[in-house]
**Student:** 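Quick one: structure below, then a few questions.
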Amino acid sequence: MMAERITVFLDRSRQVICQSVIGPIDKAGSRELAAHTAAAAEGLMDRWNLRICLDARQTGKIHSKARREMMENLKREDVCKLALWGGNAYLRAAVHFIRYLEGGHKIRAFRTREEALAWLAE
């Protein structure tokens with residue numbers, strides 16, 4: 001089952017890609033999210049400083065094939081940081097697991113948007 005809605009835009013003042021996903025993310029949804037993110041990244045002043053803020057308040061289950069694709073995307077050199085905020089306990093646990101697997105410096109989970117944006121600005 002694919003996400004009901006995927007929204008991606010560039011916050012020009014912060015130079016942060018903002019994402020929102022409503023519903024579960026399958027492989028097709030993961031690819032759609034990546035495509036929208038790449039399009040939004042065209043407006044970044046520094047294309048090698050990709051910082052992403054994902055609003056996960058309404059994100060559903062992330063299917064295993066989508067998780068694998070997301071892990072591969074995190075390995076890209078242009079991806080500096082991914083901050084997920086507002087997700088449920090399952091999503092926060094998944095982020096902590098991914099952090100462990102990838103070395104812990106590119107992805108973090110936060111309870112609020114403000115905390116996520118503060119980390120992205122560091």
**Student:** Does the side chain of I17 come within less than 4.5 Å of V8's, by heavy atoms?
**Tutor:**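 Of all side-chain heavy-atom pairs linking I17 with V8, at least one is under 4.5 Å.
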**Student:** Hey, are the side chains of R99 and R108 touching, using non-hydrogen atoms and a 4.5 Å cut-off?
**Tutor:**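 Sidechains of R108 and R99: in contact.
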**Student:** Apply the side chain to side chain contact (heavy atoms under 4.5 Å, CB included) test between T59 and each candidate in N88, I6, V21; give the one that qualifies.
**Tutor:**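 Exactly one option meets the side chain to side chain contact (heavy atoms under 4.5 Å, CB included) with T59, and it is V21.
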**Student:** Taking all atoms of both residues into account, what is the closest heavy-atom pair of A41 and L50, and its distance?
**Tutor:**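 Here A41 and L50 meet closest at CB-CD1, 4.0 Å.
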**Student:** Starting at CG of L91, measure out to CZ of R57 and round the result to the nearest 0.5 Å.
**Tutor:**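 Result: 13.5 Å between the selected atoms.
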**Student:** Any side-chain heavy atom of L84 within less than 4.5 Å of one from F110?
**Tutor:**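 Of all side-chain heavy-atom pairs linking F110 with L84, none is under 4.5 Å.
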**Student:** Please tell me whether L82 and Y100 are part of a single hydrophobic cluster in this structure, the criterion being side-chain heavy atoms less than 4.5 Å apart.
**Tutor:**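 Yes, because L82 and Y100 connect within a single hydrophobic cluster, where side-chain heavy atoms sit under 4.5 Å apart.
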**Student:** Looking at every heavy atom in both W48 and E77, which two are closest together, and how far apart are they?
**Tutor:**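 So the two residues come closest at CZ3-CB, 3.9 Å.
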**Student:** Minimum heavy-atom separation for R92 to A109, with atom names?
**Tutor:**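 Where R92 meets A109 most closely, the heavy atoms are CG-CB, 3.9 Å.
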**Student:** So which atom in C80 and which in K106 form the shortest heavy-atom distance, rounded to 0.1 Å?
**Tutor:**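 Reported closest heavy-atom pair: O-CG, 3.5 Å.
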**Student:** So, using salt bridge (Lys or Arg N to Asp or Glu O under 4.0 Å) as the criterion, who are the partners of R76 when residues are at least two apart?
**Tutor:**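 Checked R76 against salt bridge (Lys or Arg N to Asp or Glu O under 4.0 Å); matches are D78.
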**Student:** Distance-only, no hydrogens or angles: does the Q15 side chain make a donor-acceptor pair with backbone N or O of R12 under 3.5 Å?
**Tutor:**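 Yes, because the side chain of Q15 sits within donor-acceptor range (under 3.5 Å) of the backbone of R12.
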**Student:** Which value, rounded to the nearest 0.5 Å, describes the distance between M70 atom CE and K65 atom NZ?
**Tutor:**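 Here the interatomic distance stands at 15.0 Å.
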**Student:** Looking at every heavy atom in both L120 and R51, which two are closest together, and how far apart are they?
**Tutor:**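 Answer, listing the atom of L120 first, then R51: O-NH1, 2.9 Å.
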**Student:** With the 4.5 Å side-chain cut-off for hydrophobic clustering, are Y90 and I107 part of the same group?
**Tutor:**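 Same cluster.
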**Student:** Using the rule given for side-chain contact (heavy atoms from CB on, under 4.5 Å), can you reason through R31 versus E69, listing the C-alpha separation, both sets of side-chain angles and the distance that settles it, and then say yes or no?
**Tutor:** CA-CA 8 Å; R31 289 188 175 163; E69 282 202 7; 2.9 Å; yes
**Student:** Going only through I, L, V, M, F, W and Y residues with side-chain contacts under 4.5 Å, is there a path from M71 to L54?
**Tutor:**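 Linked, M71 and L54 end up in one cluster.
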**Student:** When you look at T7 and Q19, which way does the side chain to side chain donor-acceptor pair (under 3.5 Å) test go after all the steps?
**Tutor:** CA-CA 6 Å; T7 305; Q19 302 173 330; over 6 Å; no
**Student:** Could you tell me whether R47 atom CZ has more than 12 heavy atoms of other residues or ligands within 6.0 Å of it?
**Tutor:**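 Counting other residues, nucleotides and ligands, CZ of R47 exceeds 12 neighbours.
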**Student:** Determine yes or no for a side-chain-to-main-chain donor-acceptor pair under 3.5 angstrom, with S30 supplying the side chain and D26 the backbone.
**Tutor:**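 Side chain of S30 to backbone of D26: no pair is present.
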**Student:** Test side-chain contact (heavy atoms from CB on, under 4.5 Å) on L117 and C53 and set out the steps.
**Tutor:** CA-CA 7 Å; L117 290 170; C53 186; 4.0 Å; yes
**Student:** Specify the closest pair of heavy atoms between I25 and A66, including all atoms of both residues, with the distance to one decimal.
**Tutor:**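 Taking every non-hydrogen atom into account, O-CB, 3.6 Å.
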**Student:** Please indicate whether F97 has more than 12 foreign heavy atoms, meaning atoms of other residues, nucleotides or ligands, lying under 6.0 Å from its CZ.
**Tutor:**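 No, the 6.0 Å shell around CZ holds no more than 12 heavy atoms from other groups.
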**Student:** Please check this pair: side chain of E115 against backbone of R111, looking for a donor-acceptor N/O pair closer than 3.5 Å.
**Tutor:**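 Confirmed, E115 side chain pairs with R111 backbone.
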